[in-house]
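Heavy atoms only: backbone and side chains are in, while hydrogens, waters and symmetry mates are out. Naming: A, B, ... by sequence-line order, numbering from 1 per chain. Here the structure is a predicted model, which is why all the values come from computation and not from measurement.
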Amino acid sequence: MESRYTPDVIEEKWQQVWTEQGIDQTPNDSSKPKFYALSMFPYPSGNLHMGHVRNYTITDVLARVRRMQGYRVLHPMGWDAFGLPAENAAIDRGIHPAKWTYQNIAQMRSELKRLGLSYDWSREVATCSPDYYRWTQWIFLQFFQAGLAYQKESAVNWDPIDQTVLANEQVDNEGRSWRSGAKVEKRLLRQWFLKITDYAEQLLNDLDRLPGWPDRVKVMQANWIGKSIGAYLEFPIVGLDEPLGVFTTRPDTVYGVTYVVLAPEHPLTKKVTTDDRQAAVTAFIQEVSGQSELERTAEDKPKRGIPTGGKAINPFTGEEIPIWIADYVLCEYGTGAVMGVPAHDTRDFIFAQQNHLPIQTVIIPAGADAAVPLTEAYVEAGALVNSGEFDGMASAEAKGAIVQKAEKMGWGKSRVQYRLRDWLISRQRYWGVPIPIIHCPDCGAVPVPDADLPVQLPEDVGLSGRGPSPLAQMESWVNVPCPTCGTLARRETDTMDTFIDSSWYFLRFTDATNEQQVFDPTQANTWMPVDQYVGGIEHAILHLLYSRFFTKVLRDRGLLNFDEPFQRLLTQGMVQGLTYMNPNKEGKEKWIPSDLVNPADPKDPQTGEPLKVGFATMSKSKHNGVAPEEVIKKYGADTARMFILFKAPPEKDLEWDEADVEGQFRFLNRVWRLVTEFVGVASGIRQKKTDSLTKEEKDLRRAIHTAIAAITEDLDDEYQFNTAISELMKLSNALNDAPCKNSAIYAEGIDSLVLLLAPFAPHIAEELWQQHLGHPDSVHTQPWLTADAAAMVADEIALVIQINGKTRGTIQVPSGGDKATLEQYARESELAQRYLEGKEIKKAIVVPNKLVNFVIA
RNA sequence: GCUGCUGUAGCCCAACGGUCAGAGGUGCUGGUCUUAGAAGCCAGAGGUUGUGGGUUCGACUCCCACCAGCAGUACCA
């Protein structure tokens with residue numbers, strides 16, 4: 001028998017055996033509790049990177065543990081396979097997007113298999129397959145029928161590099177595309193939207209029902225939805241029938257309004273501008289619209305605006321106030337107009353000072369004098385002054401009272417405003433799901449009948465990356481009769497945002513091969529929600545918000561009986577690589593590939609300049625990536641898995657360190673040696689009687705069961721794989737140091753070590769379990785170990801004696817004593833008496849099995 | 001600016017409010033082995049727990065303020 005640890009040999013061997021035996025298939029046995037473990041499925045970009053390895057290893061450990069714990073586990077994998085890189089590859093290299101995508105899938109699938117991930121491959125899905133996108137189209141039509149998919153002309157984000165529009169969620173805070181990094185432009189286009197705003201309130205409220213989600217993700221979603229409670233108020237315009245509507249969260253300050261401001265793009269701007277102001281206003285609007293989004297929202301940019309000459313009336317005071325336009329008012333939010341309350345809003349205060357507009361105090365803190373001029377806006381709560389009948393009222397109370405009056409007088413009403421906008425889903429690109437709509441000159445937008453789904457992507461398409469949607473250029477595909485009236489009509493030529501594909505894939509996995517339905521609701525309701533979802537924080541808003549939205553809509557369509565798709569969410573940290581940077585260089589040039597650098601003396605190979613050494617997220621541009629393939633080749637998949645789980649807690653960033661990888665390889669070798677050396681003397685040991693244990697045996701057994709308890713706890717609640725592995729190391733050390741290697745307890749320890757190791761390093765555990773320890777069945781089908789509480793109790797404990805909280809020493813006492821007994825031991829101890837002599841004990845604090853603390857004067 | 005997270009040994013990280021801070025790894029030093037080295041094995045050194053207050057019999061742990069790093073967000077009325 002081979003006595004050396006050879007990961008390459010045993011790993012591929014067992015991967016094959018497991019596949020043949022189908023041990024990773026999803027069981028149907030409904031007598032077991034279910035567990036759905038899911039990693040965010042990848043975009044098939046070409047090769048696996050370390051981030052994938054980390055993500056999938058985490059779910060795999062959980063899937064394996066839960067199987068051993070008696071759950072029926074669903075652990076599937078698939079491909080988020082539509083998207084622009086495939087189309088760009090086609091443009092650059094002339095490969096059809098489908099071919100490029102499927103080649104990448106084949107490559108990445110084989111890399112995943114080499115990692116020993118226990119997926120049920122019979123449920124694999126690819127979103128670009130007609131078997132899948134047929135149902136994506138079907139779901140779109142469900143939205144359409146529910147009135148949740150509509151077309152609208154609006155100013156949308158246009159990505160000039162990718163030549164398509166983008167949703168708000170896909171543009172970052174600097175106004176750049178999440179994918180191409182290009183600054184987006186605003187274009188006025190007729191586009192498809194999904195009405196996510198209808199679900200804003202539910203999406204916000206139900207965050208409270210997700211205790212298993214990280215707070216920061218919930219905070220980010222809540223901020224994105226951006227609920228504000230306030231009032232809609234109307235200010236009559238002098239000389240116009242139309243009123244000017246504003247949204248405010250501070251109706252209590254309405255008596256302090258000294259002007260109103262419109263966004264430059266506001267439709268009323270032209271109407272309110274007086275003749276003498278016309279030229280100046282037009283010039284100002286031109287200037288503002290010439291600025292990019294970035295310039296307009298730049299930090300500490302002065303707020304600029306000019307008067308229109310128009311006047312409005314504050315209905316509460318009856319006063320005439322000027323109407324201004326200013327660039328700090330956003331057309332897209334609220335009504336695109338605000339009431340200016342300089343005394344109680346920071347922005348308004350600055351604006352009023354700059355433009356010499358009056359500042360009227362209407363809220364004062366207790367004891368303050370309203371007559372004293374403000375040096376900055378007072379934005380806190382207080383009591384109302386200069387506010388007519390509301391004088392003296394607390395501002396919180398006044399909010400309601402003033403809205404009530406507005407309602408009574410017909411000046412406005414209470415209103416809830418969200419920052420969330422509807423989801424723009426049209427994309428002017430080829431490699432995506434065709435929107436299953438036919439535009440008929442007579443009937444309008446007509447859904448493609450279910451029987452005609454899928455609307456297949458035509459294969460022979462010219463891709464240039466420029467001009468209108470590629471599908472629009474295919475006359476033979478575009479021109480079809482209207483399904484309703486038969487008139488010659490045109491297909492919709494935009495494709496869907498790929499985030500739609502990924503908003504429901506977790507449902508398809510529950511019934512992945514169903515040709516009759518999107519999924520059998522019974523299957524979906526049985527398996528869902530996902531018990532543990534694992535993925536990157538970058539989807540905190542995007543994918544995770546969209547998926548929640550889809551789940552709620554499909555529930556309302558009667559397909560699902562639950563509200564939230566992901567019970568628990570773990571956002572794993574990034575994998576960072578050692579990075580060399582030349583601070584004297586600019587752009588991509590400054591990142592120096594590590595294979596060109598001597599780690600002992602990092603210098604730029606070209607210029608000889610010293611380099612800055614640090615860690616940064618692995619990426620091609622920084623040349624700091626480590627290929628999973630290389631690591632597996634050198635150390636094996638088990639070592640790679642162990643390292644990545646051990647090096648840092650799962651939600652924290654992880655620094656790749658070759659020395660630590662070797663440490664894990666060493667550990668697996670130690671386990672190997674421990675087990676194979678034991679096998680040499682194993683015969684007969686298991687059968688030895690264990691009636692009365694020696695002290696050494698008791699100590700060892702305590703170590704074994706302490707490890708079982710600790711590892712189980714680490715895997716059950718918080719996912720602390722790093723400390724779980726450290727417990728494995730402790731157990732391994734305890735076995736190595738055990739003086740009683742010829743005992744049945746030692747045999748129990750060896751078996752336990754291998755069983756506990758199995759979810760983390762599945763191949764070596766299987767090899768040791770079956771080949772060396774001679775067990776007949778797979779280690780992965782064994783029941784998980786249960787800690788024996790009795791074994792964990794020591795006969796004696798070292799009781800800590802403290803005086804006034806300071807430790808003075810320990811005494812050996814029998815374990816299990818109650819508080820009074822322990823205090824008695826302590827009082828009687830020589831140690832305590834030495835310190836307590838002649839002192840009065842004011843209090844004695846006893847922590848069972850731990851310590852006794854005497855408080856003396 | 002606001003919000004959140006993180007600061008523990010050279011480095012990565014542990015530590016239900018309870019011993020004089022240590023599980024594990026890595027690195028370092030020494031020993032063992034070797035002709036020598038590597039690997040393996042054994043041993044050892046290394047700390048004002050970011051800073052300053054507070055609560056408590058007792059604080060790495062809880063509270064407040066500050067500092068540093070990371071992330072998100074930013075004229076949202």
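Base-pair partner of B/rG47: not found among the strands shown (Watson-Crick or G-U wobble, both distances under 3.5 Å). For B/rU32, the paired base is B/rG40 (Watson-Crick or G-U wobble, both distances below 3.5 Å). Pairing of B/rU55, defined by two Watson-Crick or G-U wobble distances under 3.5 Å, is not identified with any nucleotide. With a 3.5 Å ceiling on both atom-pair distances, B/rC60 lacks any Watson-Crick or G-U wobble partner. Using N1 to N3 plus N6-O4 or O6-N4 for Watson-Crick, or N1-O2 and O6-N3 for G-U wobble, each under 3.5 Å, B/rA15 pairs with nothing. Across all strands shown, the partner of B/rU3 is B/rA71, judged by Watson-Crick or G-U wobble contacts whose two distances both fall under 3.5 Å.
A donor-acceptor contact under 3.5 angstrom links the side-chain atoms of A/Lys303 to the base of B/rC75. In terms of polar N and O atoms assigned as donor or acceptor, the side chain of A/Gln664 never comes within less than 3.5 Å of the base of B/rG25 in a complementary pairing.
In this model, the phosphate group of B/rC75 is not approached by any side-chain N or O of A/Arg304 to a distance below 4.0 Å at OP1 or OP2. Not one side-chain nitrogen or oxygen of A/Asn223 sits closer than 4.0 Å to the OP1 or OP2 atom of B/rA74. The side chain of A/Ser228 contributes an N or O atom lying less than 4.0 Å from OP1 or OP2 of B/rA77. Residue A/Arg347 places none of its side-chain N or O atoms closer than 4.0 Å to OP1 or OP2 of B/rA74. The phosphate of B/rC76 (OP1 or OP2) has no side-chain N or O of A/Arg421 nearer than 4.0 angstrom. Between A/Arg419 and B/rA74, a side-chain N or O to OP1/OP2 separation shorter than 4.0 Å is present.
Listed nucleotides B/rC13, B/rC42, B/rC57 differ in distance to A/Asn722; the shortest reach to its side chain belongs to B/rC13. When distances are taken from the side chain of A/Asn853 to each of B/rG18, B/rU26, B/rC76, the shortest belongs to B/rG18. Of the candidate nucleotides B/rC20, B/rC13, B/rG24, B/rC13 has the atom nearest to the side chain of A/Lys652. Comparing atom distances between the A/Pro649 side chain and each of B/rG24, B/rA77, B/rA14 picks out B/rA14 as nearest. Among the nucleotides B/rG18, B/rG25, B/rA77, the one closest to any side-chain atom of A/Phe247 is B/rA77. When distances are taken from the side chain of A/Met729 to each of B/rA77, B/rG24, B/rA23, the shortest belongs to B/rG24. With B/rC76, B/rG40, B/rG72 as the choices, the nucleotide that has an atom nearest any side-chain atom of A/Arg673 turns out to be B/rG40. Closest to the side chain of A/Phe646, from the set B/rG27, B/rG25, B/rU19, is B/rG25. Among the nucleotides B/rA77, B/rC75, B/rC76, the one closest to the side chain of A/Val329 is B/rA77. Each of B/rC20, B/rC75, B/rA23 was ranked by its minimum atom distance to the side chain of A/Tyr328; first place goes to B/rC75.
The same atom, C1', is picked in B/rA59 and in B/rC42; the two are 37 Å apart, to the nearest Å. Atom C1' of B/rG4 sits at a distance of 29 Å from the matching atom of B/rU56, rounded to the whole Å. For the C1' atom pair drawn from B/rU3 and B/rA45, the interatomic distance equals 43 Å after rounding to whole Å. Taking atom P in both B/rC63 and B/rU55, the straight-line distance is 15 Å, to the nearest Å. Here the separation of B/rC5 from B/rA77, taken at their P atoms, is 23 Å to the nearest Å. Nucleotides B/rU8 and B/rG50 place their C1' atoms 10 Å apart, quoted to the nearest Å. When the C1' atom is compared between B/rG46 and B/rG22, the two are found 13 Å apart, to the nearest whole Å.
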Review point. Could you go step by step and tell me if A/Val661 and A/Lys634 meet the side chain to side chain contact (heavy atoms under 4.5 Å, CB included) rule?
Key: CA-CA 10 Å; A/Val661 180; A/Lys634 200 164 167 190; over 6 Å; no
Exercise for review: Give the intermediate values and the outcome of side chain to side chain contact (heavy atoms under 4.5 Å, CB included) for residues A/Arg415 and A/Thr335.
Suggested key: CA-CA 12 Å; A/Arg415 177 156 153 183; A/Thr335 62; 4.0 Å; yes
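If you measure from atom CD of A/Glu823 to atom C1' of B/rC57, you get 13 Å, rounded to the nearest angstrom. Rounded to whole angstrom, the span from the CH2 atom of A/Trp672 across to the C1' atom of B/rA39 amounts to 18 Å. Note: CZ (A/Arg216) to C1' (B/rA71) measures 6 Å, nearest angstrom. One interatomic measurement links the two molecules: CD1 of A/Ile537 to P of B/rU73, which rounds to 10 Å at whole-angstrom precision. Put simply, CG on A/Leu654 is 16 Å from P on B/rU26, counting in whole angstrom units. Between A/Met220 atom CE and B/rA71 atom C1' the separation is 8 Å, expressed in whole Å. Note: CG (A/Asp714) to P (B/rA14) measures 11 Å, nearest angstrom. Between A/Leu728 atom CG and B/rA14 atom P the separation is 16 Å, expressed in whole Å.
For the pair A/Arg568 and A/Tyr719, the cation-pi test (distance below 6.0 Å, angle within 45°) is passed.
Nucleic acid contact for A/Gly663: sugar-phosphate only, since backbone atoms but no base atoms lie under 4.0 Å from a heavy atom of the residue. Residue contacts shown for A/Asn804 are limited to sugar-phosphate atoms, with no base heavy atom under 4.0 Å away. Within the 4.0 angstrom heavy-atom criterion, base atoms lie near A/Lys850. Nucleic acid contact for A/Gln417: none, since no nucleic acid atom lies under 4.0 Å from a heavy atom of the residue. Contact annotation for A/Asp653: backbone-only contact, meaning every heavy-atom pair under 4.0 Å involves sugar-phosphate atoms and none involves a base.
Applying the side-chain contact (heavy atoms from CB on, under 4.5 Å) criterion to A/Asp737, with sequence neighbours excluded, gives no partner residue.
Each of A/Phe665, A/Trp656, A/Phe667 was compared with A/Phe643 under the ring-ring contact (aromatic ring centres under 6.0 Å, His included) criterion, and only A/Trp656 meets it.
Ring geometry for A/Trp423 versus A/Tyr546: interplanar angle under 30°, hence parallel rather than tilted (30 to 60°).
Annotated as syn: B/rC20, whose glycosidic dihedral is within 90° of 0.
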